Amino acid sequence: MDKKNALRAGALAAGTTLMMLLMSSPALALTRDDGDDPGNGLSVAETLGLYVLIPLGLFAVIAGLVFVLDRSKDREPKAKAKA
């Protein structure tokens, strides 16, 4: 039964992805709109910094704050109950 649900979910995801790819039209991206004034492009280093390093840094800061400011006292592993 679990295999059938996984197959159904995979088919749904594949179908949705295929439909999104078919419905999008990248050829229209070449047509400029009125008032369109794009700036200079980003370099590889700027792109990696903006979309990789900054989010990783923010994640590390937030995780560090949670770790340092956590005041929970129940960190010891619980003894297994004997059956």
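FYI, side chains are in, hydrogens and waters are out, and symmetry mates aren't considered; it's all heavy atoms of this structure. Please read these numbers as outputs of a predicted model, since none were measured by experiment.
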To the nearest 0.5 Å, how far apart are OG1 in Thr47 and CG in Leu53?
11.0 Å
Which heavy atom of Pro55 sits nearest a heavy atom of Gly49, and at what distance?
CD-O, 4.5 Å
Asn40 side, atom CG; Glu46 side, atom CD - distance, nearest 0.5 Å
9.5 Å
Just do the side-chain contact (heavy atoms from CB on, under 4.5 Å) check on Thr17 and Met20 with the steps written out, would you?
CA-CA 5 Å; Thr17 303; Met20 293 300 289; 5.8 Å; no
Hey, quick one: are Tyr51 and Leu58 part of the same hydrophobic cluster, counting side-chain heavy atoms closer than 4.5 Å, chains of contacts allowed?
yes
If Ile, Leu, Val, Met, Phe, Trp and Tyr residues are connected whenever their side-chain heavy atoms lie under 4.5 Å apart, and connections chain through other members, are Leu56 and Leu48 in the same group?
yes
